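Index from 1, following the sequence. Just so it is clear, the model here is predicted, and its values are computed rather than measured.
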Amino acid sequence: MSVCKIESESINEFKATYELDDMQVIETNNIICVFVKTNNCNLENNWKKINSILSELINEYLDSSFKKWNVYIIYVVTDLVSKELKYKIENNTFFARKIVEDNYSSELTDEEIKKIISEHIIFNDLQINLTQPAQEEYSSESEIYQK
C-alpha cells in the first residue's frame with residue numbers, strides 16, 4: 001500500500017489554530033484519510049468544529065464520487081477517551097467516517113499510518129480460515145422427507 005501525503009498551507013494553519021499535536025492528510029487507493037493527533041480535552045471541545053472545517057478544507061481533493069464517499073477522519077488521541085465520546089464521534093454522519101484511536105503513544109510515521117489504515121479501513125490484517133466445516137448428511141424416515 002502506498003500513501004501519498006497532501007500538504008498545503010491551509011492544513012498547517014488549521015493544525016496551529018486548533019493546537020493539534022499533528023495532522024496529516026493522506027490519499028491511498030482513492031481513499032482520503034485525515035489523521036488528527038491531539039489529546040482528549042482538545043478532542044472533546046473541538047471535534048465538531050474540526051469535522052466541519054475539514055469538510056471545506058479537503059473538498060478540493062474530492063474529485064470523484066468514490067472519493068467523496070470514502071473520506072475518513074482518524075482521531076489519534078494520546079490519552080484515554082470515554083466510551084460515550086468515542087461512540088458519539090464514530091456515529092456522527094456529517095461529512096466523513098470517523099475513527100477514534102485512543103491511548104496512542106507513537107508518532108504518526110508512514111508505517112504507523114499504514115498500520116492504522118490496515119486495521120481500521122482496509123482490514124488486510126485479518127486472518128481468514130478458509131477451511132469448510134464438515135457437514136453431515138441428513139436423512140429421515142419421515143414420508144414427507146422421502147418425497
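Contact detail for Y75 and W47: the closest heavy-atom pair is OH-O, 3.5 Å. Minimum heavy-atom separation, Y18 to K49: OH-CB, 3.7 Å. Here the closest heavy-atom approach between residue E112 and residue E107 is recorded as CG-O, 3.4 Å. For the pair K86 and V81, the tightest heavy-atom approach, listed with the atom from each and the gap, is N-CG1, 4.0 Å.
D22 and Q24 share a side-chain donor-acceptor pair at under 3.5 Å.
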Does D21 form a salt bridge (charged side-chain N to carboxylate O under 4.0 Å, His left out) with K15? I'd like the steps, not just the answer. CA-CA 8 Å; D21 297 341; K15 179 181 167 184; over 6 Å; no
Test side chain to side chain contact (heavy atoms under 4.5 Å, CB included) on E56 and N59; report intermediate values, then the result. CA-CA 5 Å; E56 295 175 28; N59 192 43; 5.8 Å; no
Start with the C-alpha gap between V76 and V36, add the side-chain angles, then the distance that decides, and say whether side chain to side chain contact (heavy atoms under 4.5 Å, CB included) holds. CA-CA 6 Å; V76 180; V36 177; over 6 Å; no
Walk me through whether V71 and R97 qualify under side chain to side chain contact (heavy atoms under 4.5 Å, CB included). CA-CA 6 Å; V71 177; R97 297 176 183 138; over 6 Å; no
Take F35 and I73 through the side chain to side chain contact (heavy atoms under 4.5 Å, CB included) test and state the conclusion after the steps. CA-CA 6 Å; F35 287 83; I73 301 173; over 6 Å; no
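Looking at K114 and T109, their side chains never come closer than 4.5 Å, going by heavy atoms from C-beta outward. Using a 4.5 Å heavy-atom threshold, the side chains of V25 and L54 count as separate. Two residues are said to be in side-chain contact when any heavy atoms from C-beta on lie closer than 4.5 Å; I121 and I99 meet this criterion. At a threshold of 4.5 Å between non-hydrogen side-chain atoms, the residues K98 and N92 count as touching. In this structure, V77 and N103 have side chains that are not in contact, with every pair of non-hydrogen atoms separated by 4.5 Å or more. You'll find the side chain of E7 stays beyond 4.5 Å of the side chain of N12, heavy atoms only. Residues I116 and Y72 form no side-chain contact, since every pair of their non-hydrogen atoms from C-beta on lies 4.5 Å or further apart. Put simply, the side chain of S8 reaches to within 4.5 Å of the side chain of Y61, judged on heavy atoms.
Tracing side-chain contacts under 4.5 Å through hydrophobic residues (I, L, V, M, F, W, Y), one reaches F94 starting from L57; they form part of the same cluster. Residues I117 and I6 do not share a hydrophobic cluster, defined by chaining ILVMFWY side chains whose heavy atoms lie under 4.5 Å apart. In the hydrophobic cluster analysis, where Ile, Leu, Val, Met, Phe, Trp and Tyr join through side-chain heavy atoms closer than 4.5 angstrom, L108 is grouped apart from V100. Both I50 and I89 are members of a single hydrophobic cluster when ILVMFWY side chains are connected at heavy-atom separations under 4.5 Å. The same ILVMFWY cluster, assembled from side-chain heavy atoms under 4.5 Å apart, contains both I74 and I113.
N29 contributes no side-chain N or O that, together with a main-chain N or O of I31, makes up a donor-acceptor pair within less than 3.5 Å. At least one donor-acceptor pair under 3.5 Å links the side chain of N91 to the backbone N or O of Y87. In this structure, D79 contributes its side chain and N40 its backbone to a donor-acceptor pair below 3.5 Å. Checking side-chain atoms of K67 against main-chain N and O of I32 turns up no donor-acceptor pair under 3.5 Å.
The distance from atom CG of N70 to atom CD of E27, rounded to the nearest 0.5 Å, is 11.0 Å. Distance CG/L20 to NZ/K37: 11.5 Å, rounded to 0.5 Å. One finds the CG atom of L62 at 9.5 Å from the OG atom of S55 (value rounded to the nearest 0.5 Å). The structure places NZ of K5 at 13.0 Å from OG1 of T28, a figure rounded to the nearest 0.5 Å. One distance of note links CD1 of I53 with CD of E13; it measures 12.0 Å at 0.5 Å rounding.
Look at K68 and D63 and you find no salt bridge, because none of the NZ, NE, NH1 or NH2 atoms lies under 4.0 Å from a carboxylate O.
N42 pairs in a side-chain hydrogen bond (donor to acceptor under 3.5 Å, both in side chains) with only one of the listed residues (N39, N45, N46), which is N46.
Atom NZ of K48 sits in a sparse spot, with 12 or fewer heavy atoms from other residues, nucleotides or ligands closer than 6.0 Å.
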